[in-house]
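Let me begin by presenting the structure, written as structure tokens, before commenting on it.
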Amino acid sequence: MGCITKHYLNENSLLGVWKIEEDLDTLLQMVEMDAEDKKRYRVFASTSRKLEFLSVRALLQELIGRNARIVYNKNNKPFLKDGSRFLSITHSHKLTAILLSTNEKVGIDLEYMRANINSIAFKFINRKEKITGREPETRKYQLYLHWCAKEALYKICDKEGISIRRNITIEPFEVKDSGEIKGFVHTKKINDSFDLFYTRYDNYAIVWTKKNYDKE
């Protein structure tokens, strides 16, 4: 299927989503890889990881052109090689998403919603947070939105010494198909609030955020 959405959030920010329905040979023909890309690609043993890797490059080319290249820092955080935009990447199951902005830091996360998230909620939900969903499906969706929101904040804050349970708190919110969330990050270096936006696509939860912020 390829790119299923290319959405301008504003004049500076662009969100794209790719649904992986192609096989490896098809994606390889669609993507231009430099020497570093090819080196990384050869490391992956599983077909699913190779498909994810190629779908990211295919989507990036769809969004901003075939010359766009991704590089990684020592913490494996992705950046555009030319530094023209801030970048965040996420993938789960058959979806890949990229968020780009020319003037704001960005974070995005999507997750395919499986049934077992209740059993691990204690690992990322803290005592300040409220899960209000009573119906099993609503509760599952709300837990996934919390998880995705925290992952998006983890990414926008560059992952520096952050515990998603202890250092990130999501305010209570009304669970809808699409909406807004308020999140807070508190560490020795960061003490800030963030506006997050979420939506549901089939059985996926997607949350993103963007902001200019200063570390304390």
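Numbers here simply count residues along the sequence, with the first being 1. Hydrogens, waters and symmetry mates play no part in the numbers below; they use all other heavy atoms, side chains included.
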Kindly determine whether T102 and N12 satisfy side chain to side chain donor-acceptor pair (under 3.5 Å), including the steps that lead there.
CA-CA 5 Å; T102 59; N12 299 306; 3.2 Å; yes

Side-chain heavy atoms of L27 within contact of L51, under 4.5 Å:
yes

Quick check on the 6.0 Å ring-centre criterion: do F173 and H146 meet it?
yes

Could you state whether F79 and M33 fall into the same hydrophobic cluster, counting links through intermediate Ile, Leu, Val, Met, Phe, Trp or Tyr residues with side-chain heavy atoms under 4.5 angstrom apart?
no

For the student: nearest non-hydrogen atoms of N167 and G161, plus distance
OD1-O, 3.7 Å

To the nearest 0.5 Å, atom NZ of K188 lies from atom CD1 of I162 at 13.5 Å

Assigning hydrophobic clusters by single linkage (Ile, Leu, Val, Met, Phe, Trp, Tyr; side-chain heavy-atom cutoff under 4.5 Å), is F184 placed with Y198?
no

In plain terms, say whether K105 and D158 are close enough for a salt bridge, that is, a side-chain N and a carboxylate O under 4.0 Å apart.
yes

Side chains of K77 and Y72, heavy atoms from C-beta outward: is any pair under 4.5 Å?
no

d(L60 CG, I89 CD1) to nearest 0.5 Å is 7.0 Å

Report the distance from atom NE2 of H91 to atom OG of S55, rounding to the nearest 0.5 Å.
6.5 Å

Verify salt bridge (charged side-chain N to carboxylate O under 4.0 Å, His left out) between K150 and E129, making sure each step is shown before the conclusion.
CA-CA 12 Å; K150 292 192 171 198; E129 296 170 322; 3.0 Å; yes

Look only at the side chain of D109 and the backbone of A152, and say whether a donor-acceptor pair between them is shorter than 3.5 Å.
no

Face-on cation placement of R114 at Y144 ring, 6.0 Å and 45° thresholds
no

Shortest non-hydrogen contact from K211 to D192?
NZ-OD1, 2.8 Å

Considering all heavy atoms of both residues, which atom of K155 and which atom of G107 are nearest to each other, and what is their separation?
CB-CA, 4.3 Å

Please determine if K210 and D195 form a salt bridge, counting it only when a charged side-chain N lies under 4.0 Å from a carboxylate O.
no

Kindly indicate whether the side chain of I181, heavy atoms from C-beta on, has any atom under 4.5 Å from the side chain of E171.
no

Going through the checks in order, is the side-chain contact (heavy atoms from CB on, under 4.5 Å) test met by V106 and T209?
CA-CA 6 Å; V106 293; T209 186; over 6 Å; no

Could you see if L63 belongs to whatever hydrophobic cluster contains L80? Use Ile, Leu, Val, Met, Phe, Trp, Tyr and a side-chain cutoff under 4.5 Å.
yes

Side-chain contact, heavy-atom cut-off 4.5 Å: M113 with Y204?
no

Would a 4.5 Å heavy-atom cut-off, applied to side chains only, mark L54 and L24 as touching?
yes

Please tell me whether F44 and F53 form a close aromatic pair, meaning their ring centres lie under 6.0 Å apart.
yes

Please determine whether side-chain contact (heavy atoms from CB on, under 4.5 Å) holds for the pair F122 and R165, giving the CA-CA distance in whole Å, both sets of side-chain angles, and the decisive distance to 0.1 Å.
CA-CA 8 Å; F122 71 94; R165 183 176 182 273; 5.7 Å; no

R69/D34 ion pair, N-O < 4.0 Å
yes

Is there a side-chain contact between T26 and M30 in this structure, where contact means two heavy atoms from C-beta onward sitting under 4.5 Å apart?
yes

Whether the side chain of Y154 engages the backbone of I168 through a donor-acceptor N/O pair (distance < 3.5 Å, no angle test) should be reported.
no

Going hydrophobic residue to hydrophobic residue with side-chain gaps under 4.5 angstrom, can you get from L9 over to F197?
yes

Any heavy-atom pair between the side chains of L153 and I170 that's under 4.5 Å?
yes

Please find the pair of heavy atoms, one from D37 and one from E32, that lie closest to each other, and give the distance.
OD2-O, 4.4 Å

May I ask whether L100 and V71 are part of the same hydrophobic cluster, defined by side-chain heavy atoms of I, L, V, M, F, W, Y residues being less than 4.5 angstrom apart, directly or through others?
no

Could you tell me the separation between the CD1 atom of I125 and the CD atom of Q142, rounded to the nearest 0.5 Å?
8.0 Å

Taking atom types as modelled and ignoring hydrogens, do the side chains of N116 and S119 form a donor-acceptor contact shorter than 3.5 angstrom?
no

Supply the atom-to-atom distance L99 CG to F86 CZ, rounded to the nearest 0.5 angstrom.
11.5 Å

Give the ring-plane orientation class for Y112 versus H93, where under 30° counts as parallel, over 60° as perpendicular and anything between as tilted.
tilted

For the side chain of E36 and the backbone of I70, is there at least one donor-acceptor N/O pair under 3.5 Å apart?
no

Would you say that more than 12 heavy atoms from the other residues, nucleotides or ligands in this model lie under 6.0 Å from the NZ of K6, or not?
yes

Backbone of G2 reached by a side-chain donor or acceptor of E21 within 3.5 Å:
no

Would the distance check show the side chain of T90 and the main-chain N or O of L110 forming a donor-acceptor pair, the cut-off being under 3.5 Å?
yes

Side-chain contact, heavy-atom cut-off 4.5 Å: S101 with N103?
yes

Please determine whether side-chain contact (heavy atoms from CB on, under 4.5 Å) holds for the pair L95 and Y201, giving the CA-CA distance in whole Å, both sets of side-chain angles, and the decisive distance to 0.1 Å.
CA-CA 10 Å; L95 286 191; Y201 174 79; 3.6 Å; yes

Would you please test K182 and F194 for side-chain contact (heavy atoms from CB on, under 4.5 Å) and show each step?
CA-CA 6 Å; K182 177 75 74 174; F194 296 80; over 6 Å; no

Which atom of V207 lies closest to which atom of C148, heavy atoms considered:
CG2-CB, 3.5 Å

Counting heavy atoms not belonging to K50, are there more than 12 under 6.0 Å from its NZ?
yes

Nearest heavy-atom pair of F124 and L143: which atoms, and what distance?
CE1-O, 3.6 Å

Please assess N126 against R166 for the test side chain to side chain donor-acceptor pair (under 3.5 Å), listing each intermediate value before the final yes or no.
CA-CA 7 Å; N126 64 49; R166 295 191 306 271; over 6 Å; no

Taking atom CD1 of I98 and atom OG of S88, what is their separation to the nearest 0.5 Å?
9.5 Å

Heavy atoms of other groups near D23 CG, more than 12 under 6.0 Å
yes

